[in-house]
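The structure appears below as structure tokens.
First the proteins, then the strands, lettered A, B, ... as listed; each starts at 1.
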2 protein chains.
Amino acid sequence: MSTKKTIIVVAHPNLKNSKANKGWLDNLSKFDSNIKIHNLYDLYPDYKINVENEQKLLEQYDNIIYQFPIYWFNCPSLLKEWFDKVYTYGWAYGSNGKKLVNKNIGFAVSLGAPINFYQNENSLDKILKPFIASCGFVQANFKGIHAIYDVGVEFNDTSIIVDSSKQYLEFINKM
Amino acid sequence: MSTKKTIIVVAHPNLKNSKANKGWLDNLSKFDSNIKIHNLYDLYPDYKINVENEQKLLEQYDNIIYQFPIYWFNCPSLLKEWFDKVYTYGWAYGSNGKKLVNKNIGFAVSLGAPINFYQNENSLDKILKPFIASCGFVQANFKGIHAIYDVGVEFNDTSIIVDSSKQYLEFINKM
């Protein structure tokens with residue numbers, strides 16, 4: 001179990017019917033009940049983010065993981081809205097905005113296509129550039145990407161999700 | 001005036017109070033009244049996209065420009081929601097989804113920080129990777145990026161916007 005406090009900010013528009021994203025969370029809860037799971041689409045179906053609540057919540061954690069399925073090489077829209085509203089001047093950046101400095105930030109993402117599709121020009125560190133650059137801007141520590149590939153509509157292999165969840169936990173424990 | 005039909009899909013959460021984005025559109029309308037301006041935040045304040053209408057609209061144009069301010073190295077959330085809903089399987093991709101093949105797609109973006117900030121690791125072709133990769137996925141022709149830098153809250157130089165609008169029109173005419 002990690003000695004650092006971890007929150008997973010989850011952004012999946014249809015989490016209960018997802019395979020990888022729901023599977024990950026179900027397994028993580030079994031392995032380590034101390035990880036806080038924060039589900040944005042449950043909280044903000046109308047896209048009206050409670051900024052103060054979100055900021056106060058994040059401030060309590062050492063590790064922040066953004067977990068989402070990658071659609072069109074990018075995050076689901078609610079997570080982008082969340083960044084635009086929560087990462088405010090005077091909180092996340094600016095001379096008086098230091099709340100994310102030295103926080104550890106990681107990403108856990110699911111991808112519909114096989115791993116071969118995400119090589120070279122489409123590598124994850126390139127696709128996720130907006131998010132990695134944002135870590136730098138707020139002076140957080142970018143701690144890498146935990147990914148699962150080839151989990152499109154046809155996918156249905158529980159054992160792969162369990163294995164991936166164990167790797168996810170190792171990823172968190174190293175943050 | 002371009003001989004090709006052009007639509008500008010605009011995504012700015014506060015367009016009427018914007019400087020660069022509104023200035024561009026005002027000037028373009030003076031220079032070339034034939035360019036269709038399609039303002040997403042006016043149409044969909046509740047994020048409920050009319051997918052069929054959007055698809056039928058796009059199909060009528062040769063050139064599609066996505067215009068937006070870059071926030072956190074990425075587009076505003078409503079444009080991301082729009083991509084996820086409008087770029088459907090069977091329309092934008094898949095064996096029967098060819099509606100964007102060979103369309104010309106360009107980007108017009110405003111950036112708050114000076115141009116020096118967006119060099120090397122933060123260059124626009126890197127920041128906009130999710131959008132450029134999406135062009136490739138739907139087999140559209142990526143036609144480049146028209147950008148204006150250093151248009152943060154303090155900016156208020158109308159002559160720079162007029163010059164940038166003329167370059168924007170040249171950008172469109174070359175698409």
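Interatomic distance, B/Cys75 SG to A/Asn74 CG, rounded to the nearest 0.5 Å: 6.0 Å. Distance OG/A/Ser77 to NZ/B/Lys80: 7.0 Å, rounded to 0.5 Å. How far NZ of A/Lys126 is from CD1 of B/Ile132: 12.0 Å, rounded to the nearest 0.5 Å.
For the pairing with B/Phe73, the side chain to side chain contact (heavy atoms under 4.5 Å, CB included) check across A/Phe137, A/Phe131, A/Phe83 returns one residue only, A/Phe137.
Other residues, nucleotides and ligands place no more than 12 heavy atoms under 6.0 Å from the CD atom of A/Glu52. The number of heavy atoms from other shown groups lying within 6.0 Å of CD (B/Glu154) does not exceed 12. Crowding of B/Lys174 atom NZ: a count of heavy atoms from other residues, nucleotides or ligands under 6.0 Å not exceeding 12. No more than 12 heavy atoms of other residues, nucleotides or ligands sit less than 6.0 Å from atom CG of B/Asn96.
No continuous path of ILVMFWY side-chain contacts below 4.5 Å connects B/Leu78 to B/Leu15, so the two sit in separate hydrophobic clusters. At a threshold of 4.5 Å between side-chain heavy atoms, the hydrophobic network of Ile, Leu, Val, Met, Phe, Trp and Tyr places A/Phe107 and A/Tyr168 in two separate groups. Residue B/Val109 is not grouped with residue B/Ile65 when hydrophobic side chains (ILVMFWY) are merged at heavy-atom distances under 4.5 angstrom, including chains of intermediate members.
For chain B, the option among A/Ile127, A/Asp84, A/Val138 with the highest count of heavy-atom pairs below 4.5 Å is A/Asp84. Contact count versus chain A (heavy atoms, under 4.5 Å) is highest, among B/Tyr87, B/Trp72, B/Trp82, for B/Trp72.
For B/Tyr93, the part lying under 4.5 angstrom from a heavy atom of chain A is the side chain only. Contacts between B/Tyr47 and chain A at a heavy-atom distance below 4.5 Å involve the side chain alone, from C-beta outward.
Side-chain contact between A/Lys129 and B/Asn122: present, with at least one pair of heavy atoms (C-beta onward) separated by less than 4.5 Å.
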